[in-house]
2 protein chains.
Amino acid sequence: MTTLRDIALIAGVSGATVSNVLRNRGFVGAETSARVREVAQRLGYRPNPMAQALANGRAPTIAMVFSDLANPFYSMFALEAERAARRRDHFLLVCHAAKPDGTLDTAYLGAVAGRLSGGVLILGSDLGRADLLSAVPNGVPTVLAMWEDAADHPSLPCVTLDFREAGRLAADHLLALGHRRIAVLAGARGDRVSHGARLEGATARLREAGVLGGATLEEDSIGGGHRAAMRLLEAEPRPTAILATNDLLGIGAIQAAGERGLAVPRELSVVGITDIWLAAEMRPALTTVDIDTRRIADASVNALLDLIAEPDALARDALRIVGRPSLVRRASTAQAP
Amino acid sequence: MTTLRDIALIAGVSGATVSNVLRNRGFVGAETSARVREVAQRLGYRPNPMAQALANGRAPTIAMVFSDLANPFYSMFALEAERAARRRDHFLLVCHAAKPDGTLDTAYLGAVAGRLSGGVLILGSDLGRADLLSAVPNGVPTVLAMWEDAADHPSLPCVTLDFREAGRLAADHLLALGHRRIAVLAGARGDRVSHGARLEGATARLREAGVLGGATLEEDSIGGGHRAAMRLLEAEPRPTAILATNDLLGIGAIQAAGERGLAVPRELSVVGITDIWLAAEMRPALTTVDIDTRRIADASVNALLDLIAEPDALARDALRIVGRPSLVRRASTAQAP
DNA sequence: CTGTTAGCGCATTCAG
DNA sequence: CTGAATGCGCTAACAG
């Protein structure tokens, strides 16, 4: 493992000079500079990020905390977050907040937060509010991403989108297609809605149009959407459309329709929210509301890095609404029958 | 940020003593010990992993390098890898090997390998062989996971499974169901097969049974499977079964069958390989060969950590075949018509 | 322009 | 049983 000192010795200069050369600080003569570079090159020198971090008090990583990497949304987010981090010369540490048994692992967070990583990015949509606040040690730069209800977020800088608007768009689309019997399917954890804002946005719009929408709560997964839709489709009169607050639920609903022998979109329209990659890959492809995951991931990472660089860059309760949800028309919705 | 020294000062002892207490080395008297602990507790002391790493020359992270986190297989693997790493007190750094333009990002790997992270875990199935060897700096503990062809792996410790056997199992299943016109759909990158061993295993078994199987190569994705199957299902006589070397391809094939108006599994059987979570969530659910991703992720991480702890723990070309592929019968396969 | 001097926070000898 | 000393690899003032 060749170190700064090694190359200093060989180049016949001091460590400081090597450091200056390699960091392009311009205090060094062209000749020495060239020599140092040559030696560094020849020895395949790579600075040790740990040592750099220790010396200048700035970790080269950020930690991303979430509940389930295997969820297609989170993995997509992680992918974009990693790219955004890398653009600013940082690495991404992935951390499951929860232990296998489901409880929050605070010791783990404590070890990583603010030391190994310069800050923490919390993907909020699944993580409980009180837990969050207590799990991250005080004073560690923290940004909350994807918090459902912008109007009521914890006292942390928060980067998210207008979920209410997303819900409204989905409802609007179905109404515009002439649907009146619209069932709403909302993601929940136990008996608590996880998609409150989308749900509110959707039902508000529906009520505006004189359509009343009770919502069915279900676990946010394909299986959950399937189960719930199977029940919903038994109702008489049957809904002509299902509005799912998340794509996985919507995909499950499409499957249920298939099993019930209903043609999508001819006999049943289904719309989701998020636009995970899977939405486009399903048959029929899912009409959904694109929330622009990439921009949010970018903005979240950038906000966190800004906060790390400049602890007062963001107010403790700063709120950034990123992007504007937009409808993506695919094959799962059509004119009401 | 409270440091070791802070608590030493307050507890009225030296830093070494604090370290000894907190690391349970037993050299310290019960009373001082208790006092130190109390102070550490009260001040919310958390050791700085960076400093620890620098001092004892051991990074608390490992890097996982792969081509696409959004791929359901990789995200599943990453999830399990993170758990395995955490069990041994390490964090997981995720690294996309490729830049957005597709070329390998060696500078990035160089920065992380062996310094920020103690070692590198490379998910091989998509990464080119020559690239791999050159991208990771010499002397950095490296483990290759999921390499397709165990018989011909690069000169790196390698943890994988018997993909040939997985292919054989899939073929065997279809043969046992009485299928004779079996189309094989194999993942490829450009015109190079990515799933060579599975393909060989499958075609070998098919040939054994007197069934000849030319393979169709396609990009390994749902869309790719869909495209390829659309073509295959035009043939006369039509195949009664499709063997896909990966689940995404299989899922695409099922979709294509649907569009061609063929009932799965009555008129067309489809079998995949891997058993990603999506396989179980599709309708019909995909019959597939489970490769036990979790055990492989565990074994890979453990092998890497062993290698880091003991550089000679594994031979430079050690090969570990983990688990035994097993067929998971679901709803996409049935007796040949 | 270059080298010397201090740390960054911690772990580990080695004397006391 | 304890504490002072040393070093991990690097950066950032300083002096020269």
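All of these numbers come straight from a predicted model, not from anything done at the bench. Order of the sequence lines sets the chain letters (A, B, ...), proteins ahead of strands, with each chain counted from 1. Note: hydrogens, waters and symmetry copies are ignored here, and every other heavy atom, side chains too, is used.
- Think of the region where chain A sits on DNA chain D: with heavy atoms and a 4.0 Å cut, that region ends 5' and 3' at D/dG9 to D/dA12.
- The backbone N or O of B/Y108 sits nowhere less than 3.5 Å from a side-chain atom of A/R86 that would complete a donor-acceptor pair.
- At the heavy-atom level, A/V13 lies under 4.0 Å from the strands shown only through sugar-phosphate atoms.
- Sequence neighbours left out, the pairs with a member in residues 299-318 of chain A that pass salt bridge (Lys or Arg N to Asp or Glu O under 4.0 Å) are A/R88-A/D306.
- Scanning for salt bridge (Lys or Arg N to Asp or Glu O under 4.0 Å) contacts around A/D149 gives A/R164, with sequence neighbours left out.
- For B/R42, the salt bridge (Lys or Arg N to Asp or Glu O under 4.0 Å) test picks out B/E38, with sequence neighbours left out.
- By the side chain to side chain contact (heavy atoms under 4.5 Å, CB included) test, A/D89 pairs with no residue at all, sequence neighbours left out.
- Nucleic acid contact for B/G29: sugar-phosphate only, since backbone atoms but no base atoms lie under 4.0 Å from a heavy atom of the residue.
- With sequence neighbours left out, A/R58 forms a salt bridge (Lys or Arg N to Asp or Glu O under 4.0 Å) with no residue at all.
- Not counting sequence neighbours, the partners of A/S33 by the side-chain hydrogen bond (donor to acceptor under 3.5 Å, both in side chains) test are A/R37.
- Partners of A/N20 according to the side chain to side chain contact (heavy atoms under 4.5 Å, CB included) rule, which considers only residues two or more places apart in sequence or in another chain, are A/R25, A/F27, A/V28.
- Taking a pair as Watson-Crick or G-U wobble with both distances under 3.5 Å, the runs of three or more consecutive pairs in DNA chain D are C:1-4 with D:13-16, C:6-16 with D:1-11.
- Listed by chain and number, the residues in a salt bridge (Lys or Arg N to Asp or Glu O under 4.0 Å) with B/R320 amount to none (sequence neighbours excluded).
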Indicate for each nucleotide in nucleotides 8-16 of chain C, in 5' to 3' sequence, whether protein heavy atoms under 4.0 Å reach the base (B), only the sugar-phosphate (S), or nothing (-). BBBSB----
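- One interatomic measurement links the two molecules: CG of A/L9 to P of C/dT4, which rounds to 12 Å at whole-angstrom precision.
- Looking at residues two or more places apart in sequence or on another chain, you find a side chain to side chain contact (heavy atoms under 4.5 Å, CB included) between A/A53 and A/P60, B/M50.
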